[in-house]
Amino acid sequence: MAVQSLELLYLLVRKDLKVRYKSSVLGYVWALANPLAFAFVYWVAFKYIMRVEMENYSLFLLTGIFPWFWLSMGVTHATRSYQNNASLVKKVRIPRAILPMSNVVQEMVHFVFALPVIMAFLVFAGGFELRASWLWQLPVLLLLQFAFAYAIALALATSNVYVHDIEHLVGLGFAMLFFVTPMVYPITMVPEELRGWFELNPLHALMDSWRGAFLAGSLDGATLAYAAGWAAALAMVAWLVYRRLAPGIGELL
């Protein structure tokens with residue numbers, strides 16, 4: 001990526017973060033509040049009502065929900081990135097693929113700043129130790145999830161310029177995927193005859209890798225390769241969609 005594109009990406013992310021937290025008393029705390037609130041609600045519902053018998057269940061939730069929020073919020077916001085920046089697209093000659101990327105990076109920044117919070121929960125609530133393996137595991141997973149999220153975001157953002165229904169379907173799709181992945185229950189609770197289908201879900205491989213790194217300090221090579229293969233396939237599809245549809249973006253906005 002050219003230096004000018006990196007500078008533009010930095011300026012877009014910085015601008016969006018400033019606008020989001022302008023006049024906010026708590027500021028960035030709100031980025032932590034949403035996943036923490038969801039984790040608390042699901043912890044109560046599944047631990048004490050559904051009675052999921054699982055050791056360190058609260059940590060199981062936290063280590064999955066934070067990366068899930070990065071993925072879902074990044075893609076959801078990116079889907080409308082061209083409409084939200086219509087004047088910029090029409091008046092300035094910029095690499096248009098940068099716009100959905102800025103939304104994914106913005107949510108990635110939130111996640112990176114949330115990592116110390118996750119680690120604090122692991123150490124003080126779960127009795128885990130800080131692991132040296134995180135020094136390479138977390139960057140690998142950050143890059144993998146960024147590639148995964150950006151590929152989906154670019155394809156959806158470009159398509160949404162032509163078919164506006166897509167932006168409404170994205171939220172619904174992530175709501176359904178949240179329970180199919182699975183996120184709030186271990187996959188061992190899925191009946192054996194259906195478990196294979198659940199394991200085919202690439203989002204399960206991605207979230208399971210995060211949990212493996214946080215909770216066990218290890219990454220399963222096959223699971224990681226499966227998620228990386230999907231990321232590469234999605235990147236190819238996104239590139240084809242963007243190459244086909246990008247020339248008409250300015251005219252349709």
Side-chain angles (χ1 to χ4, degrees), residues 1-20 67-111 141-178 180-181 200-203 205-207 226-253:
M1 186 181 296
V3 175
Q4 293 86 348
S5 297
L6 287 173
E7 291 177 351
L8 175 60
L9 177 63
Y10 168 76
L11 291 173
L12 287 171
V13 172
R14 183 181 178 186
K15 174 186 73 71
D16 289 341
L17 288 173
K18 281 188 173 182
V19 169
R20 178 181 293 195
W68 179 269
F69 259 74
W70 166 21
L71 178 68
S72 61
M73 297 299 288
V75 172
T76 300
H77 292 157
T79 302
R80 278 194 54 83
S81 58
Y82 292 121
Q83 286 88 340
N84 293 339
N85 295 279
S87 59
L88 184 62
V89 174
K90 291 179 179 180
K91 296 178 182 178
V92 184
R93 188 177 181 84
I94 61 172
R96 293 171 177 172
I98 289 288
L99 292 174
M101 182 185 290
S102 69
N103 290 110
V104 175
V105 171
Q106 182 184 150
E107 296 302 327
M108 179 172 140
V109 170
H110 287 149
F111 177 72
L141 291 174
L142 282 169
L143 289 173
L144 176 58
Q145 180 153 323
F146 170 78
F148 205 100
Y150 177 54
I152 299 173
L154 181 62
L156 292 178
T158 308
S159 303
N160 191 56
V161 176
Y162 290 80
V163 184
H164 296 322
D165 302 77
I166 290 175
E167 64 190 67
H168 302 292
L169 293 172
V170 170
L172 178 62
F174 272 109
M176 296 173 64
L177 284 171
F178 184 81
V180 175
T181 298
L200 289 176
N201 180 358
L203 296 184
L206 190 58
M207 298 301 126
Y226 184 68
W230 267 95
L234 289 170
M236 181 62 68
V237 171
W239 179 78
L240 292 173
V241 170
Y242 180 76
R243 184 182 179 185
R244 172 78 176 178
L245 301 180
I249 290 176
E251 299 175 2
L252 293 173
L253 289 176

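Computed from a predicted structure; not experimentally measured.
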query: Can you tell me how far CD1 of Ile94 sits from CG of Leu8, rounded to the nearest 0.5 angstrom?
result: 5.5 Å
field: Nearest heavy-atom neighbours spanning Ser81 and Ala157
entry: OG-CB, 3.7 Å
Between CG on residue Leu71 and CD1 on residue Ile152, distance to nearest 0.5 Å: 5.5 Å
- request: May I ask you to decide if Met73's main-chain N or O and Thr76's side chain share a donor-acceptor pair within less than 3.5 Å?
  value: no
List, one per line, each side-chain donor-acceptor pair under 3.5 Å for residues 245-253, sequence neighbours excluded.
none

- request: Apply the test side chain to side chain contact (heavy atoms under 4.5 Å, CB included) to residues Asn84 and Leu99: give CA-CA distance (whole Å), side-chain angles for both, the deciding distance (0.1 Å), then the verdict.
  value: CA-CA 10 Å; Asn84 293 339; Leu99 292 174; over 6 Å; no
- prompt: Would you say the side-chain atoms of Thr79 pair up with the backbone N or O of Val75, donor to acceptor, closer than 3.5 Å?
  reply: yes
- prompt: Taking all non-hydrogen atoms of both residues, which atom of His164 and which atom of His168 are closest, and how far apart?
  reply: O-CD2, 3.7 Å
message: Any heavy-atom pair between the side chains of Met101 and Leu154 that's under 4.5 Å?
response: no
task: Indicate the ring-plane relationship of Trp68 and Phe178, choosing parallel, tilted or perpendicular according to the 30° and 60° boundaries.
output: perpendicular
message: Measuring from atom CZ of Phe69 to atom NE2 of His110, what distance do you get when rounded to the nearest 0.5 angstrom?
response: 12.5 Å
- prompt: Is the shortest heavy-atom distance from the side chain of Ser159 to the side chain of Val241 under 4.5 Å?
  reply: yes
- line: Distance col, row Asn103:CG vs Ile98:CD1, nearest 0.5 angstrom, shows 11.5 Å
message: What I'd like to find out is whether the side chain of Leu203 reaches to under 4.5 Å of the side chain of Trp230, using heavy atoms alone.
response: no
- prompt: Is there a side chain to side chain contact (heavy atoms under 4.5 Å, CB included) between Val89 and Tyr82 once you walk through the steps?
  reply: CA-CA 7 Å; Val89 174; Tyr82 292 121; 4.2 Å; yes
- prompt: Does any N or O in the side chain of Asn160 come within less than 3.5 Å of the main-chain N or O of Leu156, such that one atom is a donor and the other an acceptor?
  reply: no
- line: The reported gap from CH2 in Trp70 to CD in Glu107 (rounded to nearest 0.5 angstrom) is 10.0 Å
query: Are the side chain of Trp239 and the backbone of Ala151 linked by a donor-acceptor contact shorter than 3.5 Å?
result: no
- request: For residues Pro202 and Phe148, determine if any side-chain heavy atom of one lies less than 4.5 Å from a side-chain heavy atom of the other.
  value: yes
message: With a 4.5 Å cut-off on side-chain heavy atoms, are Ser102 and Asn85 touching?
response: no
- prompt: Under 4.5 Å between any side-chain heavy atoms of Gln145 and Met207, yes or no?
  reply: yes
query: What is the minimum heavy-atom distance between Ala228 and Leu144, and which atoms define it?
result: CA-CD1, 3.6 Å
- prompt: Is the closest side-chain heavy-atom distance between Val105 and Tyr10 below 4.5 Å?
  reply: no
Val170/Phe174 under side chain to side chain contact (heavy atoms under 4.5 Å, CB included): CA gap, chis, key distance, verdict: CA-CA 6 Å; Val170 170; Phe174 272 109; 3.8 Å; yes
